[in-house]
Undergrad: 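Handing you a structure now.
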Amino acid sequence: MSIQQSDVLYTAVATAENGRDGRVATDDGKLDVVVNPPVEMGGSGAGTNPEQLFAAGYSACFQGALGVVARQEGADVSGSTVTAKVGIGKNDDGFGIIVEISANIPNVDAQTAASLVKKAHEVCPYSKATRGNITVTLV
């Protein structure tokens with residue numbers, strides 16, 4: 001279910017200059033980075049790139065969702081990490097991305113970890129936003 005503008009609690013604002021080969025900054029100055037295409041895509045690789053920024057945001061959001069689910073389930077996810085791998089490649093109409101999410105949850109067994117990750121994927125706002133649009137694999 002979509003949220004309405006009146007439901008918004010926070011809005012992040014970022015402005016890009018010169019696309020994939022320039023600069024991206026937030027309006028509050030907390031993020032200000034040079035972006036360059038990676039070497040694998042013919043760029044200099046000197047700065048970060050949109051895929052790295054997306055992976056950073058997705059992994060942080062998913063980690064938060066994992067914490068919410070763990071509290072509901074009474075599971076201990078302290079010391080856990082979430083890694084998002086964002087791949088970009090050519091598809092039928094230009095380029096597309098794929099995502100692989102993995103979590104290391106040291107204080108629970110493998111079955112519980114898999115269940116928590118699956119439930120986190122259901123509630124994570126990034127997962128909701130990408131569902132049906134790109135392939136997201138949980139490993």
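Atom set for the values below is all heavy atoms of this structure, side chains included, hydrogens, waters and symmetry mates excluded.
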Undergrad: I'd like to check Asp32 versus Thr26 (side-chain heavy atoms, cut-off strictly below 4.5 Å). Are they in contact?
TA: no
Undergrad: Would you check if there is a donor-acceptor pair between the side chains of Ser80 and Gln63 at a distance under 3.5 Å?
TA: yes
Undergrad: Check this for me: does any side-chain nitrogen of one of Arg20 and Glu51 sit under 4.0 Å from a carboxylate oxygen of the other?
TA: yes
Undergrad: List the atom of Ala65, the atom of Ala120, and the distance in Å for their closest heavy-atom pair.
TA: CB-O, 3.8 Å
Undergrad: Could you give the distance from NZ (Lys128) to CD (Glu122), rounded to the nearest 0.5 Å?
TA: 9.0 Å
Undergrad: Does a side-chain heavy-atom distance below 4.5 Å link Asp21 with Pro37?
TA: yes
Undergrad: Apart from Leu138 itself, which Ile, Leu, Val, Met, Phe, Trp or Tyr residues share its cluster (side-chain heavy atoms under 4.5 Å, direct or through members)?
TA: Met41, Phe54, Tyr58, Phe62, Leu66, Val69, Val77, Val82, Val86, Ile88, Phe95, Ile97, Val99, Ile101, Ile105, Val108, Leu116, Val117, Val123, Tyr126, Ile134, Val136
Undergrad: Return the CZ to CG distance between Arg23 and Asn36, rounded to the nearest 0.5 Å.
TA: 13.5 Å
Undergrad: Nearest 0.5 Å, please: how far is OG1 in Thr135 from CD1 in Ile98?
TA: 7.0 Å
Undergrad: Are a donor atom and an acceptor atom from the side chains of Asn133 and Thr130 found within less than 3.5 Å of each other?
TA: no
Undergrad: What's the shortest heavy-atom distance between Ala14 and Val24, and which atoms?
TA: CB-CG1, 4.2 Å
Undergrad: Nearest 0.5 Å, please: how far is NZ in Lys85 from OG in Ser59?
TA: 12.5 Å
Undergrad: Quick check on Gln111: does its CD atom have over 12 non-hydrogen neighbours (other residues, nucleotides or ligands) under 6.0 Å away?
TA: no
Undergrad: Within the supplied structure, the quantity of interest is the number of heavy atoms (other residues, nucleotides, ligands) at a distance under 6.0 Å from Asp93 CG; does it exceed 12?
TA: yes
Undergrad: What residues form a side chain to side chain donor-acceptor pair (under 3.5 Å) with Ser78, not counting sequence neighbours?
TA: Asp76, Asn107
Undergrad: What's the verdict on side-chain contact (heavy atoms from CB on, under 4.5 Å) for Val34 and Thr48, showing C-alpha distance, side-chain angles and the deciding distance?
TA: CA-CA 6 Å; Val34 171; Thr48 189; over 6 Å; no
Undergrad: Taking only residues two or more places apart in sequence or in another chain, which ones pass side chain to side chain donor-acceptor pair (under 3.5 Å) with Ser115?
TA: none
Undergrad: Could you check whether any side-chain heavy atom of Glu73 comes within less than 4.5 Å of a side-chain heavy atom of Lys119, counting everything from C-beta outward?
TA: yes
